[in-house]
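Single-structure report; data block below.
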Amino acid sequence: MATSPSEHRQPVTAPAPAPRGATPLLGPDDPLPATTLNPDAGGPLLLLCDHATRTVPRSLGDLGLPEEQLCRHIAYDIGAAEVTRRLAERFGATAVLSGFSRLVIDPNRALEDPTAIPVVSDDVVIPGNRALDAKAQAQRVEALFKPYHAAVAAAVASIRARGQVPVLVSVHSFTPAMRGVARPWHIGVLWDNDPRLPVPLIDALKADGRWCVGDNQPYSGRGTLGGTVETHATPAGYPNVLLEVRQDLIATPEGADLWAQVIGDALEPLLSLPSLTVVHHYPRA
């Protein structure tokens, strides 16, 4: 992935108007590209949920997929939005949640990444994404991708304007198995070179004694480019972490309640660490 964070430095703040004669991607019945909870919160914690919903703009129909596929992990991170909302309520923190399916365009990808608008996801062909021309791709970027990143940037700027250093926590979920291989972790903590938040968070989650905690598992945060954390936190020197919770554990309200409590209990004492109150750049390998 060749995209650098500079691509998102000046995102638009609202969907750009469609070219004259073109059908707008979003209509009056569609949700906003991003939802910001507690925008006037007073603390440094900023929660992000890149894959909060499976919603597809009405103008795109169902992308040629049956309903059962749109309910799967390929369309969104099951349970992640519910955990994010509960954490935002617990901490009175600002949270930004995406308003569209990752199948339309993935805000946690560099725009040059071929999976940003996936043609195939987990061996499922996405008919509505096949043979898109440049105008159709650009329409999704302008109407969905850029406004989401604009909302994140605005939330970061609000925290900075209060004289605080933002602490970014990105909430995702992962499947219990992938390609027939079981994943034993209950939660994964993904990070690159900045240890300030992820290392003590891993220690706190392990100290609970109930959970199998992945350190850069089931995915790695090392050297990744173009994601939301890499765009808004890493280059600015803000402390950050990306959490992956196993989907079967948070697919119900009860599960989301439990895991918001587990994460919140581990996170709460760490937010007062002096190391999180300063900007510090950790060179990437």
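These numbers come from the heavy atoms of this one structure, side chains and all, not from hydrogens, waters or symmetry mates. Positions are given from 1 along the sequence.
Shown here for Gly92 and Asn38, the closest heavy-atom pair between the two residues is C-ND2, 3.9 Å. Nearest heavy-atom pair across Phe174 and Tyr219 is CB-CE1, 4.1 Å. The shortest non-hydrogen separation linking Tyr282 to Pro195 is CE2-CD, 3.4 Å. In terms of heavy-atom proximity, Pro118 sits nearest to Arg102 at CD-O, 3.8 Å. For Pro33 against Ala143, the heavy-atom pair with the smallest separation is CG-O, 3.3 Å. For Ala204 against Ala266, the heavy-atom pair with the smallest separation is CB-CB, 3.9 Å.
Here the CD-CG distance, from Gln69 to Asp122, works out to 8.5 Å after rounding to the nearest 0.5 Å. In this structure, OG on Ser98 lies 12.0 Å from OH on Tyr76, to the nearest 0.5 angstrom. Atoms CD and CD, on Glu142 and Gln137 in that order, are 12.5 Å from each other to the nearest 0.5 Å. Rounded to the nearest 0.5 angstrom, Asp208 CG and Asp203 CG are separated by 13.0 Å. Rounded to the nearest 0.5 Å, atoms CG (Leu48) and NE2 (His232) are 8.0 Å apart. Arg140 CZ to Leu26 CG: the interatomic distance, rounded to the nearest 0.5 Å, is 11.5 Å.
Thr228 and Asp50 form a side-chain donor-acceptor contact under 3.5 Å, judged by distance and modelled atom types alone. Between the side chains of Thr115 and Arg109, at least one donor N or O lies within less than 3.5 Å of an accepting N or O. Under 3.5 Å, the side chains of Thr175 and Arg183 contain a donor-acceptor pair of N or O atoms. Judged purely by distance below 3.5 Å, without hydrogens or angles, the side chains of Asp194 and His280 never pair a donor atom with an acceptor atom. Side chain to side chain, Trp191 and Asn240 fail the donor-acceptor criterion of an N or O pair below 3.5 Å.
Leu65 places a side-chain heavy atom less than 4.5 Å from the side chain of Val124. Considering only heavy atoms from C-beta on, Cys71 comes within 4.5 Å of Arg54 through its side chain. When side chains are defined from C-beta on, Val83 does not count as touching Arg86, because their heavy atoms never get closer than 4.5 Å. No side-chain heavy atom of Val229 sits less than 4.5 Å from a side-chain heavy atom of Thr231. Looking only at side-chain heavy atoms (C-beta outward), Pro239 and Leu168 stay at 4.5 Å or farther from each other. Looking at Leu270 and Leu197, their side chains come closer than 4.5 Å, going by heavy atoms from C-beta outward. Phe100 places none of its side-chain heavy atoms less than 4.5 Å from the side chain of Val56. Under the 4.5 Å side-chain criterion, counting only non-hydrogen atoms from C-beta, Leu103 is in contact with Ser121.
Using a cutoff of 4.0 Å between basic side-chain nitrogens and carboxylate oxygens, Asp133 and Lys135 are not scored as salt-bridged. The pair Arg90-Asp265 meets the salt-bridge criterion, since a charged nitrogen lies less than 4.0 angstrom from a carboxylate oxygen. Between Arg72 and Glu67 no salt bridge is recorded (no basic side-chain N to carboxylate O distance below 4.0 Å).
Take Leu271 and apply the side-chain contact (heavy atoms from CB on, under 4.5 Å) test, not counting sequence neighbours, and it matches Leu45, Phe91, Val167, Leu267. Every residue meeting the side-chain contact (heavy atoms from CB on, under 4.5 Å) condition with Val279, not counting sequence neighbours, appears here in chain and number order: Arg160, Val165, Tyr238, His281.
Relative orientation of the Trp211 and His186 rings is perpendicular, given thresholds of 30° and 60° on the angle between their planes. Aromatic ring orientation, His51 versus His172: perpendicular (interplanar angle above 60°, classes split at 30° and 60°).
Using a 4.5 Å cut-off between side-chain heavy atoms of Ile, Leu, Val, Met, Phe, Trp and Tyr, with links allowed through other members, Ile202 and Leu273 fall into the same hydrophobic cluster. When hydrophobic clusters are built by joining Ile, Leu, Val, Met, Phe, Trp and Tyr residues whose side-chain heavy atoms come closer than 4.5 Å, directly or via intermediates, Val171 is not grouped with Leu46. Leu190 is not connected to Ile187 by any chain of hydrophobic side-chain contacts under 4.5 Å among Ile, Leu, Val, Met, Phe, Trp and Tyr, and they are in different clusters. Clustering ILVMFWY residues whenever any of their side-chain heavy atoms sit less than 4.5 angstrom apart, transitively, puts Leu225 in a cluster other than the one holding Leu242. Cluster membership check: Val156 does not share its hydrophobic cluster with Leu97, using side-chain heavy-atom separations under 4.5 Å among Ile, Leu, Val, Met, Phe, Trp and Tyr.
Listed for the Arg85 side chain is no donor-acceptor partner under 3.5 Å among the backbone atoms of Leu37. Of the possible polar contacts, none joining the Asn108 side chain to the Gly227 backbone as a donor-acceptor pair under 3.5 Å is found. Remark: the backbone N or O of Ile117 is not paired with any side-chain donor or acceptor of Asn129 at under 3.5 angstrom. In this structure a side-chain-to-backbone donor-acceptor pair under 3.5 Å is missing from Thr55 to Ser101. A donor-acceptor pair is defined here as one N or O able to donate and one able to accept, closer than 3.5 Å; such a pair exists between the side chain of Ser59 and the backbone of Leu25. Distance alone, capped at 3.5 Å, places no donor-acceptor pair between the Asp113 side chain and the Ala110 backbone. Side-chain atoms of Ser220 do not come within 3.5 Å of backbone N or O of Asn216 as any donor-acceptor pair.
In this structure, Arg222 places its CZ atom where more than 12 heavy-atom neighbours from other residues, nucleotides or ligands lie under 6.0 Å away. Environment of CZ in Arg130: sparse, with no more than 12 heavy atoms of neighbouring residues, nucleotides or ligands closer than 6.0 Å.
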*asked:* If you apply the rule side chain to side chain contact (heavy atoms under 4.5 Å, CB included), what do you find for Glu244 with Val189, and how did you get there?
replied: CA-CA 6 Å; Glu244 292 272 2; Val189 178; over 6 Å; no
_Candidate pair Arg179 and Asp123, rule side chain to side chain contact (heavy atoms under 4.5 Å, CB included), full reasoning_ = CA-CA 10 Å; Arg179 302 192 185 282; Asp123 298 327; 2.8 Å; yes
_Checking Ile105 against Leu111 for the side chain to side chain contact (heavy atoms under 4.5 Å, CB included) test, could you report, in this order, the C-alpha distance in whole Å, the side-chain angles of both residues, the deciding distance, and whether it holds?_
CA-CA 9 Å; Ile105 188 168; Leu111 288 176; 4.1 Å; yes
*Test Leu70 against Asp62 for side chain to side chain contact (heavy atoms under 4.5 Å, CB included), laying out the working first.*
CA-CA 8 Å; Leu70 291 172; Asp62 54 15; 4.0 Å; yes
